[in-house]
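What follows is a single structure, written as structure tokens, with notes after it.
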Amino acid sequence: MSEDLVGAMSRLEEEKTLALVREKLAAGVTPMEIVEECRKGIELVGAKYGEGVFYLSDLIMSEEIFRRVMEILEPLFPPSDSPEGVKIIMGTIEGDIHDLGKQIVVYLLRSSGFKVYDLGVDVSPEKFIEAIKETGASIIGICVLLTYCIGTVKKVVDLLEETGLREKVTVVIGGYPVNAQIKEYTGVDYYSNDALQGLEIFKRISREKGHNCNGES
Ligand code: B12
């Protein structure tokens, strides 16, 4: 991992960040390694915001730079032509609008042959359940970054129990704060704060549900 890209991102140096991304791609660095460096950089922005050194406007700036990085990288995650792929419902939990990480997971899943129904951000527990009923999917991926929204993730699991769907549906959570304790508290099945590891989890779930591992039914 190079300090230059992490540092440029963390200092909100837009042009330098984009130039380094292009340079690294040309040098053969993988898109996911580049994403990981930018993620580390933006995490430092978050830390400076937490310390009161950076302001909300800086968080917004970091979003803008990250989006521009993803504009360069997105074509490298081509969606696979698999309309019959294993279905996954994805969304950021109600109250939370962070979605940069979720988008990366969605790109990875789609390019691995999964059929992703992306419900967007600020998604209520009821909407997740409706989507399960409408699409017949049996896997939910939830993104959560705000700690005060973790209780709402638990509501998704509670609602699955109440509607008799819990046995059938596997729930995976992801995002910067998730850990084993949050998994236990919310009652979800899996957690990951790494997109590639998340992809492996979704593949494993698909295999357990009797589908082949590249996301096809
Ligand atoms: C960028 C950013 C924003 C942007 C979001 C833009 C967007 N469209 O996403 C904006 C400016 C809008 C924003 C707003 C706010 N933010 Co903000 N934000 C961040 C920041 C700096 C980076 C988040 C990010 O995108 N990281 C990069 C991505 C790639 O990483 P990631 O999300 O972790 O995703 C990776 C993995 O987790 C995984 N993954 C992600 N989702 C999923 C899902 C599944 C299913 C799986 C398997 C894996 C997975 O894959 C990704 C790639 O590996 C974080 C700092 C941090 N440490 O995270 C603060 C942070 C999350 N924000 C914070 C806060 C407080 C806010 C605000 C409340 C600020 C305010 N006063 O208004 C608002 C809340 C708005 C809302 N209602 O949601 C706090 C949260 C603190 C807390 N304990 O809850 C943080 C931690 C900053 C801090 N240190 O204080 N923010």
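Just so you know, residue 1 is the first one in the sequence shown, and it goes up from there. A quick note: this is a predicted structure, and the numbers were derived from the prediction, not measured.
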[X], [Y]: one ILVMFWY side-chain cluster at the under-4.5 Å cut-off?
X: L199; Y: V188; result: no
X: L160; Y: I205; result: no
X: M90; Y: V171; result: no
X: I88; Y: I142; result: no
X: L20; Y: L25; result: yes

Item to check | Within 6.0 Å of CD in Q181, more than 12 heavy atoms from elsewhere | outcome: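 For Q181, atom CD is not crowded (no more than 12 foreign heavy atoms under 6.0 Å).
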
What heavy-atom pair brings [X] and [Y] nearest, and what distance separates the two atoms?
X: I104; Y: A195; result: CG2-CB, 3.9 Å
X: C143; Y: L145; result: SG-CD1, 3.7 Å
X: G95; Y: C149; result: C-SG, 3.8 Å
X: A137; Y: I132; result: O-CD1, 3.3 Å
X: G46; Y: L59; result: CA-CD2, 4.3 Å
X: S206; Y: F114; result: OG-CE2, 3.1 Å

Does the [X] side chain pair with the main chain of [Y], one donor and one acceptor, at a distance under 3.5 Å?
X: K87; Y: T135; answer: yes
X: D122; Y: I97; answer: no
X: E37; Y: I34; answer: no
X: D99; Y: V121; answer: no

Checklist entry - Which is it for I93 and F128 under the side chain to side chain contact (heavy atoms under 4.5 Å, CB included) test, yes or no, and what are the steps along the way? => result CA-CA 9 Å; I93 196 68; F128 279 107; 4.0 Å; yes

Side chains of [X] and [Y]: does their closest heavy-atom pair fall under 4.5 Å?
X: Y117; Y: E134; value: no
X: V106; Y: K102; value: yes
X: Y191; Y: I182; value: no
X: H98; Y: V144; value: no
X: M70; Y: L100; value: no
X: L44; Y: V6; value: yes
X: Y49; Y: Y55; value: no
X: M9; Y: I65; value: yes

Testing the 3.5 Å rule here: is there a donor-acceptor pair between the side chains of [X] and [Y]?
X: T17; Y: E14; answer: no
X: Y176; Y: E43; answer: no
X: K209; Y: T170; answer: yes
X: E94; Y: S124; answer: no

Next on the checklist: If the threshold is 4.0 Å, N to carboxylate O, is there a salt bridge linking R68 and E15?
Outcome noted: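 Judged by the 4.0 Å cut-off on N to carboxylate O distance, R68 and E15 do form a salt bridge.
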
Next on the checklist: Using a strict threshold of under 4.0 Å (side-chain N to carboxylate O), is an ion pair present between D189 and R166?
Outcome noted: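 The answer is yes: the pair qualifies as a salt bridge.
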
Quick check for you: to the nearest 0.5 Å, what is the distance between [X] atom [atom1] and [Y] atom [atom2]?
X: S112; Y: Y107; atom1: OG; atom2: OH; value: 14.5 Å
X: S80; Y: K115; atom1: OG; atom2: NZ; value: 11.0 Å
X: Q197; Y: S192; atom1: CD; atom2: OG; value: 3.5 Å
X: C38; Y: E33; atom1: SG; atom2: CD; value: 12.0 Å
X: L165; Y: T163; atom1: CG; atom2: OG1; value: 4.0 Å
X: T152; Y: K154; atom1: OG1; atom2: NZ; value: 11.5 Å

Item to check | From CA spacing to verdict: salt bridge (charged side-chain N to carboxylate O under 4.0 Å, His left out), K127, E130 | outcome: CA-CA 5 Å; K127 274 199 194 146; E130 273 166 35; over 6 Å; no

Item to check | salt bridge (charged side-chain N to carboxylate O under 4.0 Å, His left out) assessment of E71 paired with R67 | outcome: CA-CA 6 Å; E71 277 169 20; R67 278 201 196 285; over 6 Å; no

Checklist entry - Quick one: does NZ or CZ of K183 land under 6.0 Å from the six-membered ring centre of Y185, within 45 degrees of the ring axis? => result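 That pair does not qualify as a cation-pi contact.
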
Checklist entry - Are I140 and V172 close enough, and set up right, to give a side chain to side chain contact (heavy atoms under 4.5 Å, CB included), and what steps lead you there? => result CA-CA 6 Å; I140 297 179; V172 185; over 6 Å; no

Checklist entry - Can you list the steps and then say if K16 with R11 is a side chain to side chain contact (heavy atoms under 4.5 Å, CB included)? => result CA-CA 10 Å; K16 187 170 177 194; R11 290 187 297 273; 3.9 Å; yes

Item to check | salt bridge (charged side-chain N to carboxylate O under 4.0 Å, His left out) pairs, two or more places apart, involving residues 45-56 | outcome: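 For residues 45-56, and leaving out neighbouring residues, there are no salt bridge (charged side-chain N to carboxylate O under 4.0 Å, His left out) pairs at all.
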
Item to check | Worked verdict on F202 versus L108 for side chain to side chain contact (heavy atoms under 4.5 Å, CB included) | outcome: CA-CA 11 Å; F202 285 114; L108 280 177; over 6 Å; no

